[in-house]
Trainee: 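One structure, as structure tokens, below. Some questions next.
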There are 2 protein chains.
Amino acid sequence: MQDILFDFIAKYITLTEEEKNALLSLGLFRSVKKGTILLKEGQITRESFFVLKGCIRKYYIIDGDEKTTAFFTEMEGITPHCAINNAPSEYFISCIEDTILTVSNPDMGAEINAKFPKFEIMCRILSEELLAKQQINFDEFKTSSPEQRYLNLLQNRPDLIQRVPQHQLASYLGIKPQSLSRLRARIFEKEKN
Amino acid sequence: MQDILFDFIAKYITLTEEEKNALLSLGLFRSVKKGTILLKEGQITRESFFVLKGCIRKYYIIDGDEKTTAFFTEMEGITPHCAINNAPSEYFISCIEDTILTVSNPDMGAEINAKFPKFEIMCRILSEELLAKQQINFDEFKTSSPEQRYLNLLQNRPDLIQRVPQHQLASYLGIKPQSLSRLRARIFEKEKN
DNA sequence: ATAAATCGTTCACTTAAGTTAAGAAATAAT
DNA sequence: ATTATTTCTTAACTTAAGTGAACGATTTAT
């Protein structure tokens, strides 16, 4: 199971056995059931999450209903905003599947970084990549209609459409569930002809 | 003029005179006229831009028309995606006002970082802040209607509404210029009553 | 100073998303 | 297994955005 993590890391840096053991000794791994809430609005955590297997979701509750703004699947992670600025979280994070993830805090990060400077490098690369991806996603979102956004998603993350409930997908696309349903029917009609 | 930059840096780290001089010796500063295009689609640059005074804008040309996705004003900067992954740029960057900015490349960054490790720290903080801000903006965009987005902008960056042409603002809000015009009229009507 | 180009607003019309409600289908709970 | 809950779809109606076009107003170019 930890191999998943090591395979991922291997894409960026090469680890010795010693380094792998140091990582394992931190007790990062956690297995959580579908439905578990990892972070609640108003709560402050110092923990970062990284998904090895499964899917977690970030959502706000605005005027009583959920607004999903992100999904994290295999090899994707999130450091909640509240872990950075020590303010109460504005959003929730919950598991939409049984999920295996690593949970880390800044102290663990510091410990590892001090022992193995390589890690710092990997973290820098990862955060650069993340920022770039984030910006492209945002641009794509802004410049597309809901229908285009759905078609993009179908192209780029077809797995999400399978594994995520549609009303959550809808708000991820910035629309209401009924609109997504209609939009899908519309696309299906077009395809038939 | 360089004081603007040093004042900004002072918020994060303290610089000695020696360090300031080292920075100045890189010849970072550039003054550009309104309308200048700093980066074109298809072009590859290694340069990053940081605005000291003025305003620059990032836009795509999709099906022949411009889609503005970001503005950068005082104390905001952008490292074009193409400078990171060495691929042709997908977008343009141009000045919408006479602008004073710093232009840097990775080599200059490396030079400074090697001489003064403090810089690395500042860069890490800045990029963390940026990522966080970016994510919040994205979430806000996704969970709002065009009208709410306009009202948010009026709250958070009222200057932009003054200094940016409205058809560019419109695409920044994800709508057409005519819709922005109408939406503004609508808000104005509501306010009257 | 004048002509040309760009920009902002308005209007009529079209298209798509929001809303409310109802019912079928699928999931979860007992 | 049956009930309860949640999820998805459909429909009718409302509201807002997209589209195409016209017309001043403003800015830019000459």
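Residue numbering restarts at 1 for every chain, and letters A, B, ... go by the order of the sequence lines. Note that the coordinates shown come from a computational prediction; the quantities given were computed from them, not determined experimentally.
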Trainee: Atom CZ of B:Arg163 and atom C1' of D:dT27: how far apart are they, to the nearest Å?
Mentor: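 Result: 19 Å.
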Trainee: Tell me which donor-acceptor pairs under 3.5 Å the side chains of residues 80-90 of chain B have, and how far apart each pair is, sequence neighbours excluded?
Mentor:
from: B:His81; atom 1: ND1; to: B:Asn85; atom 2: ND2; distance (Å): 3.4
from: B:Asn85; atom 1: OD1; to: B:Ala87; atom 2: N; distance (Å): 3.2
from: B:Ser89; atom 1: OG; to: B:Tyr91; atom 2: N; distance (Å): 3.1
from: B:Ser89; atom 1: OG; to: B:Tyr91; atom 2: O; distance (Å): 2.8

Trainee: Check this for me, if you would: do B:Glu97 and B:Lys33 make a salt bridge, where the nitrogen-to-carboxylate-oxygen distance has to be below 4.0 angstrom?
Mentor: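 Looking at B:Glu97 and B:Lys33, the cut-off is not met.
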Trainee: What pairs of residues pass the ring pair (Phe, Tyr, Trp, His ring centres under 6.0 Å) test when at least one of them lies in residues 105-137 of chain A, not counting sequence neighbours?
Mentor: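 Pairs touching residues 105-137 of chain A that pass the test: none.
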Trainee: Taking ILVMFWY side chains as joined if any heavy atoms are under 4.5 angstrom apart, and letting links pass through other members, which residues group with B:Ile136?
Mentor: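 Hydrophobic cluster check, B:Ile136: no partners found.
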Trainee: In whole angstrom, give the distance that lies between atom CG of A:Leu173 and atom P of D:dC8.
Mentor: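 Between P of D:dC8 and CG of A:Leu173: 13 Å.
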Trainee: Sequence neighbours left out, what pairs pass salt bridge (Lys or Arg N to Asp or Glu O under 4.0 Å) with at least one residue falling in residues 71-81 of chain A?
Mentor: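 Found A:Glu74-A:Arg163, A:Glu76-A:Arg157.
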Trainee: Whole Å only: how far is the CZ atom of A:Phe188 from the P atom of D:dT9?
Mentor: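 About 12 Å, once rounded to whole Å.
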Trainee: Closest to the A:Ala185 side chain: D:dC8, D:dT10, C:dT10?
Mentor: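 Selected nucleotide (nearest to the side chain): D:dT10.
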Trainee: Sequence neighbours left out, what passes salt bridge (Lys or Arg N to Asp or Glu O under 4.0 Å) with B:Glu147? Give chain and number order.
Mentor: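 B:Glu147: salt bridge (Lys or Arg N to Asp or Glu O under 4.0 Å) contacts with B:Arg186, B:Lys190.
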Trainee: Can you give one letter per nucleotide of nucleotides 12-30 of chain C, 5' to 3': B if a protein heavy atom sits under 4.0 Å from the base, S if only from the sugar-phosphate, - if neither?
Mentor: ----SBBBB-------S--
Trainee: Taking distance alone, no hydrogens or angles, what donor-acceptor pairs closer than 3.5 Å link side-chain atoms of residues 48-55 of chain A to residues at least two apart or in another chain?
Mentor:
from: A:Ser48; atom 1: OG; to: A:Thr79; atom 2: OG1; distance (Å): 2.9

Trainee: Among Ile, Leu, Val, Met, Phe, Trp and Tyr joined by side-chain contacts under 4.5 Å, find the other residues sharing a cluster with B:Ile44 and list them by chain and number.
Mentor: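 Via sub-4.5 Å side-chain contacts, B:Ile44 links to none.
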Trainee: Please check if any side-chain donor atom of A:Glu41 sits under 3.5 Å from a side-chain acceptor atom of A:Tyr59, or the reverse.
Mentor: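 The criterion, which ignores hydrogens and geometry beyond distance, is not satisfied for A:Tyr59 and A:Glu41.
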Trainee: Identify, residue by residue, the members of residues 148-155 of chain B with a heavy atom below 4.0 Å from DNA chain C, and return them in order of residue number, or none.
Mentor: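 Contacts with DNA chain C under 4.0 Å: none.
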Trainee: Sequence neighbours left out, cut at 3.5 Å: what donor-acceptor pairs do the side chains of residues 105-112 of chain A make with other protein atoms?
Mentor:
from: A:Asn105; atom 1: OD1; to: A:Asp107; atom 2: N; distance (Å): 3.0
from: A:Asn105; atom 1: OD1; to: A:Met108; atom 2: N; distance (Å): 2.9

Trainee: Give, ordered by number, those residues of residues 55-68 of chain A having at least one heavy-atom distance below 4.0 Å to an atom of DNA chain D; if nothing qualifies, reply none.
Mentor: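 Correct list: empty, so none.
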Trainee: Between B:Gln168 and C:dC7, is there a side-chain N or O to OP1/OP2 distance below 4.0 Å?
Mentor: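 So the side chain of B:Gln168 is outside the cut-off, no N or O lying under 4.0 Å from OP1 or OP2 of C:dC7.
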Trainee: Would you indicate, yes or no, if C:dG8 has its OP1 or OP2 atom less than 4.0 angstrom from a side-chain nitrogen or oxygen of B:His167?
Mentor: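 Yes, because at least one side-chain N or O of B:His167 sits under 4.0 Å from OP1 or OP2 of C:dG8.
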Trainee: CG of B:Leu180 versus P of D:dT19: gap in Å, rounded?
Mentor: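 Atom CG in B:Leu180 sits about 15 Å away from atom P in D:dT19.
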Trainee: Hydrophobic side-chain clustering at under 4.5 Å (ILVMFWY, transitive links): who's grouped with B:Leu131? Put none if nobody.
Mentor: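 Once heavy-atom contacts under 4.5 Å are chained together, B:Leu131 belongs with A:Leu130, A:Leu131, B:Leu130.
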